[in-house]
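These numbers were taken from a predicted model, which means no experiment stands behind them. Read the numbers this way: they start at 1 and go in the same order the structure lists the ligands and their atoms.
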Amino acid sequence: MLRHLARSVSAAALAALVSLAAAPALHAADNERPRVAILATGGTIAGVQAHPGAAAYKPGVLTLDHLLAQLPGLDQVARLEGEQVANIASQDITAELWLRLARRAAAHLADPAVSGVVITHGTDTMEESAWLLRLVLRSEKPVVLTGAMLPATHPQADGPVNLRSAVAVAASPAARGYGPLLLLNGELHPARDVRKTATEAIDTFQSPNDLPVGAASPAGPSFSVSASSIRPAPGGGFDLAALDADALPRVVIVAAHGDADGSVVDALLALPAERRPAGIVLAGVGNGNASAPLLAALERASSAGIVVVRSSRTGRGLVDRNLEVDDDRLGWIAARALSPQKARILLVLGLTRTRDLAELQRLFDEA
Ligand code: SIN
């Protein structure tokens, strides 16, 4: 039951888990409980305050065994197996770690005995990881990303209830078919639209173009939206086995703002060819727009073969083609519903498949 977990847990946490597993009542129900794999990556849920009462803390310190040791009885909800995939603050996530995480999730999901996967993750880039997983995982089984806004040592830490709820959701057949779900503050958000909207608030995750698809508690999920209404992964998704982190196209985000010139884009164009990005995502004002000098620099970039995608920094709504900017003339792509950071991920993966602008636009239309 604890086969993966046993490789990394401390003796005390393992003893606690083993003693739970050894309880006769649990033995009786052992085969009936679903199996859930937990992949830990760090974040505030694994964070530790500088000292008791301190606001300052360090994310990505505690290991999964510590987190589980705070949750006696969780083993009664599901048979758990766990892996410490990383222990970082999520701003340090890399393409290599994304693909490693995706491959570990895919391996667990392919196991017929596993009901679902939970991923503990920092909240800062959790929405990006959820979206990447949406694009590369094929399973109908639940994948639930959760984290915390308060570190594990805080008296009001939200991590423990989030992790309990995430295991209950991952164990539930009702959560199948939604793609990766992000769980925080008792809400379940699908990957495409969810974004972190506040620096410190517990209700930081919102789906501004949609609503949460349901609620979650340690008792399990309750869905208000059916799984069939979730859009499939654009382009049918991407073949995880074929992706190589070192060979992924480089795509950068350039922000528009008042008084913006084109110097950032021109600096990118001045790079040696092998370091120049293959794509630029504009985090534009309004409907994906930018100042005349920045638009002119982006036009120079696309003339030099860099794919330009226009997205919006506003946080809500769609970026449509050819409204204020002539995408047809410029050969640019409109990000539609995707935030700049999610548009970047789709462009990275899209460029592994094609450089055809119409095909790339179709991916964004389908997202
Ligand atoms: C992080 O994203 O790793 C730090 C912030 C958080 O988890 O809330």
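- Considering only non-hydrogen protein atoms, atom 8 (O) of ligand 1 sits nearest to T123 OG1, 2.4 Å.
- Take D320 and apply the salt bridge (Lys or Arg N to Asp or Glu O under 4.0 Å) test, not counting sequence neighbours, and it matches R336.
- Between the side chain of S224 and the main chain of V213, a donor-acceptor pair closer than 3.5 Å is present.
- The main-chain N or O of A168 is never found under 3.5 Å from a side-chain atom of S172 such that the two would form a donor-acceptor pair.
- Residue D124 places at least one N or O, backbone or side chain, under 3.5 Å from an N or O of ligand 1.
- Within a 6.0 Å sphere centred on CD of E200, heavy atoms belonging to other residues, nucleotides or ligands number 12 at most.
- The pair E127-K196 does not count as a salt bridge, with every side-chain nitrogen at least 4.0 angstrom from each carboxylate oxygen.
- The shortest heavy-atom distance from G60 to ligand 1 is not under 4.0 Å.
- Near G43, meaning under 4.0 Å from any of its heavy atoms, are these atoms of ligand 1: 3 (O), 7 (O).
- Ligand 1 has an N or O atom lying under 3.5 Å from an N or O atom of S90, backbone or side chain.
- Those atoms of ligand 1 with a heavy atom of A89 less than 4.0 angstrom away are 3 (O).
- Protein heavy atom closest to atom 6 (C) of ligand 1, with residue, atom name and distance, is T44 OG1, 2.7 Å.
- R100 has no carboxylate O lying under 4.0 Å from a charged side-chain N of E83, or vice versa, which leaves the two without a salt bridge.
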